[in-house]
Amino acid sequence: MLSKRANCIVLLSGGMDSLTAMVVAMREGKRPWALTFSYGQRNVVEVQAARTLGNIYAVVGHSVVGIDMRSFGSNALTGTGELPTGRSISDIQRSIPSTYVPARNTIFLAYAIGWAEVMGVSEIVVGFNCDDAAGYPDCRPQYLEAFEQMANLATKRAVEGKHRVVITSPFINYSKQDIVRIGLELGVDYSRAVSCYSPSMQGAACGACDACVIRLDAFKRNAAVDPAIYTKD
């Protein structure tokens with residue numbers, strides 16, 4: 001089976017953070033199985049971006065899982081909440097934004113540990129970073145540490161001592177600027193990575209939402225041009 005060739009699972013959203021984390025893992029000799037979630041997000045284009053990136057980087061396998069999180073109530077990513085636009089970096093990082101989706105990463109990681117146990121894989125790789133941690137509680141180091149501990153109490157293979165679940169987050173203490181720097185050094189193809197919360201159906205980024213503002217700033221701080229297409233281009 002293809003799954004037996006994989007030795008880690010990467011949560012691949014289609015954005016630049018998870019893409020860079022996957023490339024770092026592959027440069028370390030890991031063979032990833034990509035896991036992407038279509039959860040009712042308004043930026044559904046990122047799912048197709050994840051599929052494209054999985055093909056470009058020739059992952060061992062790629063599963064796209066449908067989980068409808070729109071019933072969790074109104075928020076700016078899965079509901080009718082208004083997307084914040086035109087904010088400064090400091091404003092973005094000041095509070096938990098309307099783009100926070102309740103329990104999103106908890107659900108994703110819970111699915112991933114189940115998938116990993118069935119595949120016999122111990123490691124799950126994520127692209128969480130300190131910039132996201134500033135606004136999203138489920139991107140913080142304490143959360144990942146607690147989740148990893150829970151995973152090793154809750155899975156049969158871990159309890160029986162057959163493997164220990166490890167959640168690897170290479171950028172947990174790094175900023176988006178750092179991620180872009182590392183990615184550029186590794187030759188990561190950011191032209192296909194979709195970060196925008198409200199891209200066009202052709203994948204063009206809006207350039208004004210929080211995700212676009214942070215991404216553009218990260219490239220600017222690296223004296224580099226973001227290769228993504230923006231509607232203003």
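Hydrogens, waters and symmetry mates play no part in the numbers below; they use all other heavy atoms, side chains included.
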M69 and Q41: CA distance, side-chain angles, deciding distance, side chain to side chain contact (heavy atoms under 4.5 Å, CB included) verdict: CA-CA 8 Å; M69 298 180 69; Q41 66 269 52; over 6 Å; no
How close do [X] and [Y] get, counting heavy atoms only, and between which atoms?
X    : Y    : result
D138 : N105 : O-ND2, 2.9 Å
A133 : C139 : CB-O, 3.7 Å
P137 : G135 : CD-O, 3.8 Å
V125 : A25  : CG2-CB, 4.5 Å
R31  : V60  : CB-CG2, 3.8 Å

Carboxylate-amine/guanidinium contact K220 D217, below 4.0 Å: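 Result for this pair is no, no salt bridge flagged.
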Interatomic spacing from [atom1] in [X] to [atom2] in [Y] - rounded to 0.5 Å:
X    : Y    : atom1 : atom2 : result
D210 : S88  : CG    : OG    : 9.5 Å
T155 : K162 : OG1   : NZ    : 11.5 Å
S175 : I89  : OG    : CD1   : 10.5 Å
D131 : Q93  : CG    : CD    : 5.0 Å
C8   : K30  : SG    : NZ    : 6.5 Å
R42  : L77  : CZ    : CG    : 7.5 Å

Can you confirm whether [X] is buried at [atom1], in the sense that more than 12 heavy atoms of other residues, nucleotides or ligands lie under 6.0 Å from that atom?
X    : atom1 : value
R104 : CZ    : yes
E82  : CD    : no
Y136 : OH    : yes

Audit row: F128, Y143, ring-ring contact (aromatic ring centres under 6.0 Å, His included) steps and yes/no: CA-CA 11 Å; F128 299 178; Y143 166 79; 7.1 Å; no
Answer yes or no: is there a side-chain heavy-atom contact under 4.5 Å between [X] and [Y]?
X    : Y    : value
P32  : Y57  : no
W115 : V65  : no
Y174 : I182 : yes
Y39  : T78  : yes
L109 : L144 : yes
H62  : L12  : yes

Full working for side chain to side chain contact (heavy atoms under 4.5 Å, CB included) between R192 and L19: CA-CA 10 Å; R192 306 297 187 95; L19 169 60; over 6 Å; no
Residues that R94 engages under salt bridge (charged side-chain N to carboxylate O under 4.0 Å, His left out), provided they are two or more places apart: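 So R94 forms a salt bridge (charged side-chain N to carboxylate O under 4.0 Å, His left out) with D91.
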From CA spacing to verdict: side chain to side chain contact (heavy atoms under 4.5 Å, CB included), R221, R181: CA-CA 9 Å; R221 289 178 182 275; R181 173 180 54 78; over 6 Å; no
V24 vs E28, side chain to side chain contact (heavy atoms under 4.5 Å, CB included): CA-CA, chis, key distance, verdict: CA-CA 6 Å; V24 168; E28 293 174 349; 3.8 Å; yes
Under 3.5 Å side-chain donor-acceptor pair for E123 and N7: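 No, no side-chain donor-acceptor contact under 3.5 Å.
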Distance-only side-chain donor-acceptor flag, N55 / T52, under 3.5 Å: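 The answer is no; no qualifying pair exists.
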Linked, directly or transitively: M22 and Y111 (ILVMFWY side chains, under 4.5 Å):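 M22 does not cluster with Y111.
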Linked, directly or transitively: L35 and V165 (ILVMFWY side chains, under 4.5 Å):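 Yes, one cluster joins them.
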Aromatic plane relationship, F108 with F37 - under 30° parallel, 30 to 60° tilted, over 60° perpendicular: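 The rings of F37 and F108 lie parallel, inter-plane angle below 30°.
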Qualifying residues under side chain to side chain donor-acceptor pair (under 3.5 Å), relative to D132, sequence neighbours excluded: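 Here the qualifying residues are N129, K176.
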